[in-house]
Peer 1: 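Have a look at this one before I ask anything.
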Amino acid sequence: MTVAAESAAGAASLVQSIDWLAIAPPTITAVVALIVLVADLFVPEHRKPLLGGIAIAGLVAALLTLLPLRAGDRSTFCLTNDADVCGYTADHFALVIQLLVLGGALLTALISLHDSGKLPVGEYWFLLLASAAGAALLPASRDLATLVVALEVASLPAFALVGLRRGDRLSSEAALKFFLSSVTATAVMLLGVSFVYAATGTLHLTRIAAELGHVPGQLDTLAKAGVALTLVGFAFKTAAAPFHFWVPDTYVGAPLPIAAYLSVVGKAVGFSGLILVTVIAFPSYREVWGPVLAVLAALTMTLGNAAALRQSATRAWSAVRLLAWSSVAQAGYLLVPIAAAAYAGGDRIGSTVAYALMYAVVNLGAFAVVALVARTKPLNRLSDYQGLYARRPLVALAMGFFLLCLAGLPPGIIGLFAKVTVFSAAVDAGLGWLAVVMAANVVIALYYYLQWTAVLFRAPEAEPEAGTGAAEAVGAAPESGGDEVAIGRPPAALAVAIALTAAAGVALSGVPQLVLRFAGTGLF
């Protein structure tokens, strides 16, 4: 063979084929984000609402590309010398999380349509789509480099989204807290990733799993430190205690649609990354991360519920704060099956994915109702929901259903089913003490969920005179500084978001077993 032929053969061996259909969901979302960014330069101000329509159309197109991938058997960016080691895998786990992420972003966009005029429109839709693209990339990532890049692509636009209300002190403070905590988490995680790479010599998750089982004795401490630091970084991203301190102030300061987005999509990103590194990359170190995650789960659900109980009904933004602390408690429940996987195998992860799907649907619905109430009650106190049934009966019924799902009570069967599957995962793994802690926390959470539900159906109070509560309004967002407007028909997009989440919750309550069957296939 000539030198030229050998060179050509060597070059060909370095060329990777790309499965464009497999990477279509995050790719379409990213391309539409760029289209929105460029279009914003040329679209006149009175036509800016069209950008929201483009964003929604792009998210729908990305969701539709999941259909031809439903077999869950496509991989790309594979090593040329080992086709079984790939950087991107569209398996069932990735597809379920992409459905959750892109569906959550679509519902966030619907919630945002009525309110996006108060924000810089082009930047808002670009940042939302860019973050969704990173979030959709992450669950399919199968090497640490892609995983970290996807995580940061999902996180960096979120910082800007939280602080997008210019001139608002609360928004700026929330963005700063979110940024500092997330940057710290990323730094810790990158240090852990570098330790893991130094100990194993590879970044691909499956190869890391193989190499960690044969780490030389002098590198064992380095490998264990890398595993621990990587877990700490993801604990920040999932809002697990004691790394949850940024959550309530960030949710209060962010625009309400972005608080909804962070509560669902942000959690999906953190938990999917945590699942990938623990169960695929670090199975040989389960004795390190199993007990740690079990303790974090117990601590997270307990602190979240305890803080939610302390919310005063008359405190400004208490409704958002309660949902924020509730999301922390829900993160504790989501950690339980991951911890159980260290003791009883990776098939327990299906419980986490099923619970995440349930939580995404009902929590986005609850935030949609909160966004609707905020149009007439800008301070969004729990007391502002008193008599909602008398004014908007369908909205109150939907909110009551969402809260009962979060509590795990009928008729929210999907919420009860999700909690039972998580509880069963702990019991089957021999984590009886964690199951007891979870049961106690579920009972504690019933108090504040049922209390809020009861407020919806109480007789409405007389409207306060002008000026009442002015002291509470100090530091409020700019849009909350004026008089409350009369209750009217909800904007169409917001009504659609509430209706879609309510319908999805009812449908899933009818066939809850399908969620677990679909969510638990394909990864392990």
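Just so you know, these numbers come straight off a predicted model, no measurement behind them.
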Peer 1: If we check side chain to side chain contact (heavy atoms under 4.5 Å, CB included) with Leu256, which of these qualifies: Ile111, Val370, Val373?
Peer 2: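 For Leu256, the side chain to side chain contact (heavy atoms under 4.5 Å, CB included) check succeeds only for Val370.
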
Peer 1: Which distance, rounded to the nearest 0.5 Å, do you find between the CG of Leu500 and the CG of Leu364?
Peer 2: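 CG of Leu364 is found 11.0 Å from CG of Leu500.
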
Peer 1: Do the non-hydrogen side-chain atoms of Tyr333 and Asn441 ever get within less than 4.5 Å of each other?
Peer 2: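 They are in side-chain contact.
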
Peer 1: Is the ring pair Trp246/Tyr251 parallel, tilted or perpendicular, if the boundaries are 30 and 60 degrees?
Peer 2: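 Taking Tyr251 first and then Trp246, their aromatic rings stand perpendicular (interplane angle over 60°).
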
Peer 1: Is it the case that the side chain of Ser383 and the backbone of Thr314 share a donor-acceptor pair, with hydrogens and angles ignored and the cut-off at 3.5 Å?
Peer 2: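 No, because the side chain of Ser383 does not come within donor-acceptor range (under 3.5 Å) of the backbone of Thr314.
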
Peer 1: Given Leu100, which partner from the list Val353, Val264, Val361 fulfils the side chain to side chain contact (heavy atoms under 4.5 Å, CB included) test?
Peer 2: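 Exactly one candidate clears the test, Val264.
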
Peer 1: Considering non-hydrogen atoms only, spot the tightest contact between Leu303 and His244 and give its length.
Peer 2: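 What the structure gives for the nearest pair is CD1-CE1, 4.0 Å.
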
Peer 1: Is there a donor-acceptor pair closer than 3.5 Å between any side-chain N or O of Ser318 and the backbone N or O of Leu382?
Peer 2: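 Flag set: sc Ser318 to bb Leu382 pair under 3.5 Å.
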
Peer 1: I'd like to check Thr27 versus Thr65 (side-chain heavy atoms, cut-off strictly below 4.5 Å). Are they in contact?
Peer 2: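 The answer is no; the side chains never approach within 4.5 Å.
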
Peer 1: How long is the straight-line distance from CG of Leu335 back to CD of Gln330, given to the nearest 0.5 Å?
Peer 2: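 That separation rounds to 12.0 Å.
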
Peer 1: Less than 4.5 Å apart, any side-chain heavy atom of Leu276 and any of Phe93?
Peer 2: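 In contact.
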
Peer 1: Do the non-hydrogen side-chain atoms of Phe401 and Ser509 ever get within less than 4.5 Å of each other?
Peer 2: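 Contact flag for Phe401/Ser509 side chains = yes.
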
Peer 1: Are there more than 12 heavy atoms of other residues, nucleotides or ligands under 6.0 Å from atom CZ of Phe179?
Peer 2: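 Open: at most 12 neighbouring heavy atoms sit under 6.0 Å from CZ of Phe179.
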
Peer 1: Under 3.5 Å, is there a donor-acceptor pair between the side chain of Thr421 and the main chain of Ala418?
Peer 2: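 Side chain of Thr421 to backbone of Ala418, a donor-acceptor pair under 3.5 Å: yes, one is there.
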
Peer 1: Go through it in stages, so that I can follow the logic: the residues are Leu110 and Leu107, the test is side chain to side chain contact (heavy atoms under 4.5 Å, CB included), and I'd like the CA-CA distance, side-chain angles, deciding distance and then a yes or no.
Peer 2: CA-CA 5 Å; Leu110 290 173; Leu107 288 169; 4.2 Å; yes

Peer 1: Between Thr300 (side chain only) and Ala297 (backbone N and O only), is there a donor and an acceptor less than 3.5 Å apart?
Peer 2: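 Judged by distance alone, no pair lies under 3.5 Å.
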
Peer 1: Could you measure the distance from the CG atom of Leu403 to the OG1 atom of Thr453? Nearest 0.5 Å is fine.
Peer 2: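 The distance works out to 4.0 Å.
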
Peer 1: Show the numbers, then the answer: is there a side chain to side chain contact (heavy atoms under 4.5 Å, CB included) between Phe126 and Asp40?
Peer 2: CA-CA 9 Å; Phe126 166 73; Asp40 183 48; over 6 Å; no

Peer 1: In terms of heavy-atom contacts, does OH of Tyr448 have more than 12 from other residues, nucleotides or ligands at under 6.0 Å?
Peer 2: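 Atom OH in Tyr448 is crowded, with more than 12 foreign heavy atoms closer than 6.0 Å.
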
Peer 1: Run the side chain to side chain contact (heavy atoms under 4.5 Å, CB included) check on Leu397 and Phe457 step by step: do they pass?
Peer 2: CA-CA 9 Å; Leu397 288 173; Phe457 299 96; 4.1 Å; yes

Peer 1: Between CH2 of Trp125 and CG of Leu127, what distance do you get to the nearest 0.5 Å?
Peer 2: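 Those atoms lie 11.5 Å apart.
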
Peer 1: First locate atom NZ of Lys177, then atom CG of Asp249, and finally report the distance between them rounded to the nearest 0.5 Å.
Peer 2: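 If we round to the nearest 0.5 Å, Lys177:NZ and Asp249:CG are 3.5 Å apart.
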
Peer 1: Within the distance-only criterion (no hydrogens, no angle test), does the side chain of Ser131 pair as donor or acceptor with the backbone N or O of Ser155 below 3.5 angstrom?
Peer 2: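 Here the side-chain-to-backbone pair does not exist.
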
Peer 1: Determine the minimum heavy-atom distance between Val269 and Ala154, stating which atoms define it.
Peer 2: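 Nearest heavy atoms, Val269 then Ala154: CG2-CB, 4.3 Å.
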
Peer 1: Show the nearest heavy-atom pair for residues Ala368 and Leu494, with the distance to one decimal.
Peer 2: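 Minimum heavy-atom separation between Ala368 and Leu494: O-CD1, 3.7 Å.
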
Peer 1: Taking the side chain as C-beta and beyond, is there a heavy-atom pair between Ile56 and Leu113 under 4.5 Å?
Peer 2: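 Yes - at least one pair of side-chain heavy atoms lies under 4.5 Å apart.
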
Peer 1: Output yes when a side-chain donor or acceptor of Lys237 lies under 3.5 Å from a complementary backbone atom of Gly266, and no otherwise.
Peer 2: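 Absent.
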
Peer 1: Do the side chain of Asn305 and the main chain of Met301 share a donor and acceptor less than 3.5 angstrom apart?
Peer 2: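 Here the side-chain-to-backbone pair exists.
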
Peer 1: Check step by step if side chain to side chain contact (heavy atoms under 4.5 Å, CB included) holds for Thr238 and Leu334.
Peer 2: CA-CA 10 Å; Thr238 58; Leu334 287 164; over 6 Å; no

Peer 1: Do Ile338 and Leu274 come within less than 4.5 Å of each other through their side chains, counting heavy atoms only?
Peer 2: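 In contact.
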
Peer 1: Measure up the Phe243 and Phe236 rings against each other and bin them: parallel (under 30°), tilted (30 to 60°), perpendicular (over 60°).
Peer 2: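 It falls in the tilted class, 30° to 60°.
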
Peer 1: Within the distance-only criterion (no hydrogens, no angle test), does the side chain of Ser263 pair as donor or acceptor with the backbone N or O of Ala260 below 3.5 angstrom?
Peer 2: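 Between the backbone of Ala260 and the side chain of Ser263 there is a qualifying donor-acceptor contact (under 3.5 Å).
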
Peer 1: Please check if the number of heavy atoms outside Tyr447 that lie under 6.0 Å from its OH is greater than 12.
Peer 2: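 Open.
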
Peer 1: Measure across Val101 and Ala132 and return the closest heavy-atom pair with its distance rounded to 0.1 Å.
Peer 2: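 In this case the closest contact between Val101 and Ala132 is CG1-O, 3.9 Å.
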
Peer 1: For Glu152 versus Thr186, what's the shortest heavy-atom pair and its separation?
Peer 2: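 For Glu152 versus Thr186, the nearest heavy atoms are OE2-OG1, 2.9 Å.
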
Peer 1: Would you say Arg70's side chain and Leu67's backbone share a donor-acceptor pair under 3.5 angstrom?
Peer 2: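 Yes, Arg70 side chain to Leu67 backbone: donor-acceptor pair under 3.5 Å.
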
Peer 1: Looking only at heavy atoms, which two atoms of Ile498 and Phe402 are closest? And how far apart?
Peer 2: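 Result for this residue pair: O-CZ, 4.0 Å.
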
Peer 1: Determine whether Leu37 and Glu123 make a side-chain contact, defined as any pair of heavy atoms from C-beta on separated by less than 4.5 Å.
Peer 2: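 No, side chains not in contact.
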
Peer 1: Among Leu416, Ile413, Leu450, which residue satisfies the side chain to side chain contact (heavy atoms under 4.5 Å, CB included) criterion with Leu404?
Peer 2: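 Going through the options one by one, the only one that passes is Leu450.
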
Peer 1: Give a yes or no on whether the backbone of Ala459 and the side-chain of Gln386 come within a donor-acceptor separation of less than 3.5 Å.
Peer 2: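 Flag set: sc Gln386 to bb Ala459 pair under 3.5 Å.
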
Peer 1: Would a 4.5 Å heavy-atom cut-off, applied to side chains only, mark Leu69 and Pro25 as touching?
Peer 2: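 Contact flag for Leu69/Pro25 side chains = yes.
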
Peer 1: So, taking the atom named OG1 in Thr146 and the one named CG in Leu151, what distance separates them when rounded to the nearest 0.5 Å?
Peer 2: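 Taking OG1 in Thr146 and CG in Leu151, the distance rounds to 12.0 Å.
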
